[in-house]
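Report on the following structure.
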Amino acid sequence: MNNEQKQILREAAITILADNPARAFTIAELARRIRSRQMADGQWDEPNLREALALLEGLGLVNQSHNPLGYDLAFQATSQGVLFRERNLP
Amino acid sequence: MNATSLKPKSAALQKTPLARLPYELREQLCRRLRDRHPARAINAWLAAAGAGPYNAQNFTNFRKTHYKKWLAEQARLDAIRDRTDTIRRELDAGGYSVLDKAIYDLAQQISDSDLDPARAATAISALKTAVTAGERTRINSRRADLAAQALSIQRQKFEIQSCELFLKWFTDARAREIAQSQASNSEKIEALRKTYFADVDALDATGTIELPK
């Protein structure tokens with residue numbers, strides 16, 4: 001992916017997470033939503049999305065959410081992430 | 001390594017059927033292997049998820065290929081997260097917030113580049129300091145201009161008022177008498193003051209109102 005595609009994927013991820021701040025999404029769930037809404041063009045897959053989420057974590061916009069009873073990994077928007085989406089993304 | 005290297009290549013799929021599992025199951029499998037779950041327990045979990053069972057050789061092949069790459073990928077993702085966190089902290093220290101879209105865009109561009117994140121963010125903060133200092137200088141200069149203009153207006157006002165007072169007193173017989181007397185200038189000034197500013201002196205003497213000196 002080029003940098004522009006990466007940025008679009010990041011914005012798609014933060015949009016979905018911030019629009020549903022009360023729940024956490026697994027990578028697969030997030031990917032399904034992004035694809036069904038056609039929020040990111042081009043060829044991308046779950047590892048690309050995982051990388052996008054790593055950057056958003058570093059920026060403090062999302063957090064990892066661990067299920068203590070299982071091994072599935074999910075992500076949830078932080079309050080900063082919700083604020084960022086409200087202020088900046090259509 | 002990049003993210004797509006985690007996709008199992010078709011030539012290896014025969015040897016690593018575990019690599020054909022859906023993404024989420026592969027990820028969970030890797031986490032369980034990392035935490036040293038025994039094969040029996042993993043097979044039980046996979047069976048509950050509708051997959052497997054797999055034999056020891058399947059697990060061995062998976063560990064040598066996909067799992068090894070997954071570990072390297074986790075290290076890469078940690079590095080991305082740490083790098084971006086460094087950028088965010090440096091920008092925060094410079095008074096910038098990633099809630100500002102322009103700063104967010106800048107932060108991700110720095111993260112996507114080869115720039116040293118701490119140096120790049122520090123340079124941006126230094127730029128802000130320079131711009132702010134320049135702005136402060138411009139504002140101070142403008143304040144000085146306005147003060148000079150105010151002083152000029154005050155001077156003009158004083159000159160006009162002085163001329164008006166002269167014309168007013170020239171028509172006053174008592175003022176002309178004082179001006180044309182043989183007294184010294186300082187005595188004439190004192191006499192004019194007592195005549196025309198007696199009420200102001202009385203007010204000042206009460207001490208209730210502070211007059212400008």
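Chain letters run A, B, ... following the sequence lines, proteins first and then strands; every chain starts at 1.
The shortest side-chain heavy-atom distance between A:D72 and B:Q28 falls under the 4.5 Å cut-off. Residues A:L49 and B:Y23 are not in side-chain contact: their nearest non-hydrogen atoms beyond the backbone lie 4.5 Å or more apart. Counting heavy atoms from C-beta on, the side chains of B:E24 and A:E46 never come closer than 4.5 Å. Annotation: side chain of A:N3 is not in contact with side chain of B:Q109 (no heavy-atom distance under 4.5 Å). Side-chain contact between A:E51 and B:R76 is present, with at least one heavy-atom pair separated by less than 4.5 Å.
Residues from residues 83-90 of chain A that place a non-hydrogen atom less than 4.5 Å from a non-hydrogen atom of chain B comprise A:L83, A:F84, A:R87, A:N88, A:L89, given in numerical order. Within residues 12-44 of chain A, the residues approaching chain B closer than 4.5 Å by heavy atoms are, in numerical order, A:T26, A:I27, A:A28.
The distance from the CZ atom of B:R88 to the CG atom of A:L55 is 11.5 Å, given to the nearest 0.5 Å. Rounding to the nearest 0.5 angstrom, the gap separating the CG atom in A:L56 from the CZ atom in B:R81 is 12.0 Å.
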Going by atom type alone, with no hydrogens or angles, which donor-acceptor pairs under 3.5 Å involve a side-chain atom of residues 37-49 of chain B and a protein atom two or more places apart or on another chain?
| residue | atom | partner | partner atom | Å |
| --- | --- | --- | --- | --- |
| B:H37 | NE2 | A:Y71 | OH | 2.9 |
| B:N43 | OD1 | B:Y54 | N | 2.9 |
| B:N43 | ND2 | B:Y54 | O | 2.8 |

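In this view, B:D116 satisfies the side-chain hydrogen bond (donor to acceptor under 3.5 Å, both in side chains) rule with no residue, not counting sequence neighbours.
The shortest non-hydrogen separation linking B:V98 to A:L59 is CG2-O, 3.7 Å. Summarising the geometry of B:D112 relative to A:K6, their closest heavy-atom pair is OD1-CD, 4.4 Å, with the distance given to 0.1 Å. For the residue pair A:A54 and B:L77, the shortest heavy atom distance occurs at CB-O, 3.8 Å.
Surrounding NZ of B:K101 are more than 12 heavy atoms belonging to other residues, nucleotides or ligands, all under 6.0 Å away.
Neither the backbone nor the side chain of B:D92 comes within contact range of chain A, judged by heavy atoms closer than 4.5 Å.
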Derivation of the side-chain contact (heavy atoms from CB on, under 4.5 Å) call for B:Y104 and A:Q7: CA-CA 10 Å; B:Y104 163 84; A:Q7 288 165 19; 6.0 Å; no

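The candidate from B:D35, B:I87, B:L91 with the greatest count of non-hydrogen atom pairs under 4.5 Å with chain A is B:D35.
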